[in-house]
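Chain letters run A, B, ... following the sequence lines, proteins first, then strands; residues in each count from 1.
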Protein chains: 2
Amino acid sequence: MRQGGEKLAENLSVDIYERLSLRILKLEYAPGHRLTEEGLCAEFQVSRSPVREALNMLVQRGLVKKNPRQNYAVRELELKEIRDAYHVRLVLELEVVSLLCKQELDHAFLDRLEARWTELRDGLPDLFIHAAEEDEHFHHALAEATGNSVLAKSLAAIDSQIHFVRLSDITNLERLAKTCVDHLEIINAVRRRDLKNALIAISRNIEWAESNVEAALKAAKGRQIGKKTRSPD
Amino acid sequence: MRQGGEKLAENLSVDIYERLSLRILKLEYAPGHRLTEEGLCAEFQVSRSPVREALNMLVQRGLVKKNPRQNYAVRELELKEIRDAYHVRLVLELEVVSLLCKQELDHAFLDRLEARWTELRDGLPDLFIHAAEEDEHFHHALAEATGNSVLAKSLAAIDSQIHFVRLSDITNLERLAKTCVDHLEIINAVRRRDLKNALIAISRNIEWAESNVEAALKAAKGRQIGKKTRSPD
DNA sequence: ACAATGAAAATTGTATACAATATCGGCGTT
DNA sequence: AACGCCGATATTGTATACAATTTTCATTGT
C-alpha cells in the first residue's frame with residue numbers, strides 16, 4: 001500500500017533496516033562492503049541503538065554477514081544463490097497450488113483476485129506502477145489461502161531474497177502482460193481444481209521470471225557502487 | 001557439540017536468546033505469556049541491551065510476538081502449526097533427495113554418513129545420547145549436500161520450529177532404531193540413485209516422526225508452567 | 001455509584017557513556 | 001633492515017540515562 005519512497009518511520013530501527021535492505025538487494029554496495037555501526041550512525045544521523053538493531057535484522061535475514069573478527073560486511077549475492085532461491089520457490093509454489101486444488105476453496109477470495117488481475121491486465125501500462133508489490137501480493141495471497149502459515153512464511157522468506165529482481169522487472173511490459181495471463185490462468189485452474197494446468201501455469205510463471213534474473217542481476221552489478229570503504233585510502 | 005547445560009556465553013544476547021528459545025520450544029511458558037525487558041533483565045541480571053537483542057531475535061524467528069509499542073508475548077504454539085511445519089519439511093526433504101539422486105555424488109560424504117549411522121545403530125542405547133542433534137545433523141548434511149544453500153537454510157528454519165519435538169523423542173528406543181534404519185536406507189537409496197525408494201524412505205522417516213508429535217506436544221503442554229505473570233495476583 | 005479525567009507508573013524507543021578486545025602502526029632493539 | 005613489542009585507535013558488547021507513549025488507577029464530578 002505504501003506509495004513511493006516516503007518513509008513514515010514508525011521506528012528508526014525498522015526504517016534503517018528497510019533502507020539498508022533495499023540498498024543491498026539492489027546491489028548498490030560492492031560485494032563484501034564493510035559496514036560499521038558508527039559509520040551508519042553518521043550517515044543516518046541516529047544513535048547506535050537503532051543501527052545495531054537494523055544490522056542484527058539484516059544478519060538474521062542473511063543479507064549481512066558478521067565476521068569472526070567482529071565486524072559487519074554486506075553479503076555477496078551470488079548468481080547461483082538466486083537460482084537456488086527460485087528453485088526452492090518453485091518447489092514451494094507447486095505445493096501451494098497442489099494444496100489449493102485439493103482443499104475447499106474460498107470462492108470470494110478467488111473472485112477478488114481474478115477481478116484484480118483482470119483489471120490490471122486491461123489497464124496495463126498505467127495501472128502497473130506497483131507491479132512488484134502486486135506480484136508479491138498475488139503469490140503471498142495464494143500461499144496464505146492454503147491455510148499453511150509455515151508454508152506461507154517460508155515462501156515469504158525466499159521472496160525477500162529475490163525482491164530486487166522483481167523491482168528490476170517492472171519496466172518490462174511484455175513481462176507484465178505475461179504475468180497477468182499466467183496469474184489469471186492459475187486462478188482459474190485452481191478454481192476448476194485442474195491441478196495439471198495449475199502446475200503448468202505456475203511453473204511457467206516462475207521459470208519465466210527466473211529467466212530474467214541473470215540479465216537483471218548482471219545489469220545491477222554493473223551499476224554497483226564501489227565503496228569498499230567510505231573513504232578508499 | 002555443546003554438552004550439557006553449561007553456558008559458555010560468548011555474548012549475552014545469544015546466550016539469553018538460546019535460553020529463552022529453549023524455554024519457549026519446550027513450552028515452559030503458558031501460551032501468550034507476557035515478557036518484559038525489565039523483567040528479563042532482573043531474571044538474568046543483565047542490562048536491557050542484550051535482553052532486547054535476544055527478544056528481537058525471538059521475534060524474527062517467530063517465537064515471540066511483539067505488539068507494537070506495547071509488549072512482548074510468547075507466541076502460542078498450535079498443533080496445526082507443527083503439522084504445517086512437518087508438511088513443508090516433507091516437501092523440502094523430498095526435493096533434497098530428488099536432487100541428490102540426480103546430481104553428482106560425493107561418495108566420501110555418503111561413506112562417512114553411513115559409517116556414522118551404522119555405528120549408532122549397532123551401539124544403540126548408549127551412543128544415542130545426542131539423538132536429536134544427530135538427527136538434525138543428518139538431515140541438514142543431506143540438504144547441504146545438494147549444493148542449494150537456500151534449500152538448506154529454508155529447512156533449517158523449519159527445523160528450528162520443531163526442535164523441541166526431537167528433544168522429546170530421544171527417550172523412545174523404538175523410534176531411534178527406526179530412525180537408524182530409515183537413515184541408512186536413505187543413504188543407500190541415494191547412493192544407488194534409486195529415487196523411488198529414497199522418496200519412500202524419507203517420507204516414512206518424516207511422517208513417522210510427525211506421528212509422534214501430537215503426543216509429545218500434549219505431554220509438553222501438560223507440563224506447562226503457569227506463569228502468565230511472574231507473580232500471579 | 002458510575003463515568004470521565006488526569007496523574008503516576010510501567011514499558012518500550014532512542015541516545016550516550018563505558019568496557020573489552022582486536023587491529024594497526026610506530027618505535028626501539030638486534 | 002627486520003622483527004617484535006607496546007600503545008593508540010577503531011569497533012563492537014554492555015550498561016545506563018532520557019524520551020515518548022501507553023496503561024493503570026485513583027480522584028472527582030454528576
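Looking at the side chain of B:Ser49, the nearest of the listed nucleotides D:dG13, C:dT12, D:dT16 is D:dT16. For B:Tyr72, the side-chain atoms get nearest to C:dT12 when compared with the rest of C:dT16, C:dT12, D:dT14. Of the listed nucleotides (D:dT11, D:dT16, C:dA15), C:dA15 has the atom at the smallest distance from the side chain of A:Val46.
Rounded to a whole Å, the CD atom of A:Gln45 is 15 Å from the P atom of C:dT14. Remark: P of C:dA15 and CG of A:Asn11 are 11 Å apart, rounded to the nearest angstrom. Following rounding to the nearest Å, A:Leu35 (CG) and D:dT11 (C1') show an atom-to-atom distance of 13 Å. In this structure, CD of B:Glu37 is placed 14 Å from C1' of D:dA15, rounded to the nearest angstrom. Rounded to an integer number of Å, the gap from CZ of A:Arg48 to P of D:dT16 is 16 Å.
Taking side-chain N and O atoms only, B:Ser13 has no distance below 4.0 Å to OP1 or OP2 of D:dG13. Using a 4.0 Å cut-off, some side-chain N or O of A:Arg52 falls inside it from OP1 or OP2 of D:dG13. Side-chain N/O atoms of A:Lys66 include one lying less than 4.0 angstrom from OP1 or OP2 on D:dG13. Distances shorter than 4.0 Å separate none of the side-chain N or O atoms of B:Ser47 from OP1 or OP2 on D:dT14.
An angle of 10°, rounded to 10°, separates the two end axes of the helix from C:dA1-D:dT30 to C:dT30-D:dA1, each defined over five pairs.
Side chain of A:Arg75 to main chain of A:Gly62: a donor-acceptor pair is present (N/O by atom type, distance under 3.5 Å, no hydrogens or angles).
For the pair A:Glu81/A:Gln161, a side-chain contact is recorded, criterion being any heavy-atom separation below 4.5 Å from C-beta on.
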